Amino acid sequence: MAVEIQSKKGMVSKAPYELYMMFVDMRNFVAFLPEDKKESVTADYDSLQATVQGFTIGIKVRERVPYSRIVIEDDGAPFRFELVFFFNPAPQDPYKTEFQIIIEAELNFMMKTLLGGKIKDGLDKVVDALVAMSEGRMPEGFDPSMMPKA
């Protein structure tokens with residue numbers, strides 16, 4: 001069964017092109033991972049693969065619409081899914097972006113029941129963290145002591 005889960009919308013203090021450029025290259029996602037997780041992840045411009053508990057799963061960019069939308073789809077995951085990142089210019093401020101993530105996934109009833117709320121919460125936390133970081137604040141629940149040492 002196809003399920004659509006929408007994150008909340010967040011106003012990010014970056015212009016759409018700046019925010020878009022952070023998401024356009026899959027290698028950028030690896031930089032945000034803790035050091036102990038990076039060894040199980042490989043990425044190039046268009047795709048990312050990770051080994052989690054012995055299973056290799058991947059994602060790849062299916063579509064890029066400069067400065068407004070990026071569509072990412074599964075590439076060897078146990079179920080079909082698609083993530084869409086939206087970068088909409090703020091109506092009154094060209095240096096802010098209304099950001100939202102929508103995921104569409106093929107989940108059976110049990111998976112939808114078990115994971116649906118957790119996926120939404122996770123997407124909302126990503127939006128909140130992006131908004132906080134763009135305003136120079138630490139995201140809620142973020143422990144700076146856990147950051148990799150340079």
Side-chain angles (χ1 to χ4, degrees), residues 1-12 14 16-88 97-150:
M1 134 181 19
V3 176
E4 181 179 279
I5 302 168
Q6 296 187 15
S7 74
K8 64 169 80 176
K9 293 178 181 178
M11 195 58 65
V12 179
K14 296 278 184 195
Y17 73 89
E18 290 179 278
L19 194 55
Y20 174 89
M21 293 308 288
M22 291 171 53
F23 285 84
V24 76
D25 186 338
M26 298 305 290
R27 294 172 291 200
N28 292 340
F29 289 94
V30 179
F32 292 107
L33 294 173
E35 284 301 317
D36 65 326
K37 305 291 185 211
K38 288 182 180 181
E39 65 189 38
S40 64
V41 178
T42 58
D44 59 28
Y45 184 73
D46 291 315
S47 64
L48 183 142
Q49 284 195 325
T51 302
V52 180
Q53 298 179 349
F55 293 98
T56 300
I57 58 172
I59 57 174
K60 63 183 177 184
V61 176
R62 190 182 78 219
E63 180 182 17
R64 291 180 179 95
V65 179
Y67 316 127
S68 65
R69 186 178 72 219
I70 297 173
V71 180
I72 296 173
E73 65 185 4
D74 67 283
D75 186 23
F79 57 91
R80 192 199 69 75
F81 66 90
E82 175 180 277
L83 282 164
V84 185
F85 298 96
F86 292 93
F87 311 91
N88 296 315
T97 303
E98 184 183 76
F99 178 73
Q100 184 179 30
I101 306 167
I102 297 177
I103 185 169
E104 186 176 300
E106 289 293 330
L107 300 176
N108 63 33
F109 179 77
M110 182 188 286
M111 287 180 68
K112 178 186 175 195
T113 303
L114 291 173
L115 299 176
K118 291 179 182 181
I119 292 170
K120 171 140 179 51
D121 289 346
L123 295 176
D124 287 348
K125 285 180 181 181
V126 169
V127 172
D128 288 342
L130 202 52
V131 169
M133 290 187 300
S134 76
E135 295 171 351
R137 297 181 287 120
M138 285 290 178
E140 186 177 325
F142 180 79
D143 181 357
S145 69
M146 300 303 288
M147 284 296 293
K149 306 294 185 244

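Every value quoted in this text rests on a predicted model; they were computed, and no experiment measured them.
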Measure the shortest side-chain to side-chain distance between V84 and E104 over non-hydrogen atoms and say whether it is less than 4.5 angstrom. no

Below 4.5 Å, heavy atoms only, C-beta onward: do I57 and T51 meet side chain to side chain? no

Is a side-chain N or O of T97 found less than 3.5 angstrom from the main chain of K14, in a donor-acceptor match? yes

For the side chain to side chain contact (heavy atoms under 4.5 Å, CB included) test, which of R62, E106, E63 pairs with E82? R62

Assess whether side chain to side chain contact (heavy atoms under 4.5 Å, CB included) is satisfied between K9 and N88, documenting all intermediate values. CA-CA 10 Å; K9 293 178 181 178; N88 296 315; over 6 Å; no

Rounded to the nearest 0.5 Å, what separation is found between the CD1 atom of I103 and the CD1 atom of I119? 5.5 Å

Is there side-chain contact between V126 and I101, with at least one heavy-atom pair below 4.5 Å? yes

Closest non-hydrogen atoms of A31 and K38, given as atom of the first, atom of the second and distance, are O-NZ, 3.8 Å

So how far is it from D124 CG to Q100 CD, rounded to the nearest 0.5 Å? 9.5 Å

Test side-chain hydrogen bond (donor to acceptor under 3.5 Å, both in side chains) applied to D25 - qualifying residues, sequence neighbours left out: R27

Could you check whether any side-chain N or O of N28 sits under 3.5 Å from a backbone N or O of M22, counting only pairs where one atom can act as donor and the other as acceptor? yes

Parallel under 30°, tilted from 30 to 60°, perpendicular over 60°: which one fits the rings of Y17 and Y67? perpendicular

Shortest non-hydrogen pair, F81 vs I59, comes out as CZ-CG2, 3.6 Å

Separation between CG of L107 and OG1 of T113, rounded to the nearest 0.5 Å: 9.5 Å

When rounded to the nearest 0.5 Å, the distance separating OG of S7 from CZ of F85 is 9.5 Å

With D121 via salt bridge (charged side-chain N to carboxylate O under 4.0 Å, His left out) - residues at least two apart: none

Nearest heavy atoms of V30 and A43, plus distance in Å: CG2-CB, 3.7 Å

Any pair counted as salt bridge (charged side-chain N to carboxylate O under 4.0 Å, His left out), so long as it reaches residues 41-55, sequence neighbours left out: D46-R64

For the residue pair F86 and R69, what are the closest heavy atoms and their distance? CE2-CD, 3.8 Å

Heavy-atom count check: over 12 atoms from other residues, nucleotides or ligands less than 6.0 Å from Y45 OH? yes

More than 12 heavy atoms of other residues, nucleotides or ligands under 6.0 Å from NZ of K112: yes or no? no

Considering all heavy atoms, the nearest A50-V41 contact: CB-CG2, 3.9 Å

Once you round to the nearest 0.5 Å, how far does CG of L48 lie from CD1 of I72? 9.0 Å

Salt bridge flag under 4.0 Å for residues D128 and K8: yes

Angle between ring planes, F23 versus F29, binned at 30° and 60°: parallel, tilted or perpendicular? perpendicular

Q6-E4 side chain donor-acceptor pair, cut-off 3.5 Å: yes

So F99 and F87, ring-ring contact (aromatic ring centres under 6.0 Å, His included) or not? Walk me through it. CA-CA 5 Å; F99 178 73; F87 311 91; 5.6 Å; yes

Would you mind checking if R80 and E73 are paired as a salt bridge, meaning a charged N to carboxylate O distance below 4.0 Å? no

Separation between CE of M111 and CZ of F79, rounded to the nearest 0.5 Å: 4.5 Å

Would you say that I102 contacts I5 through its side chain, given a criterion of any heavy-atom pair below 4.5 Å between the two side chains? no

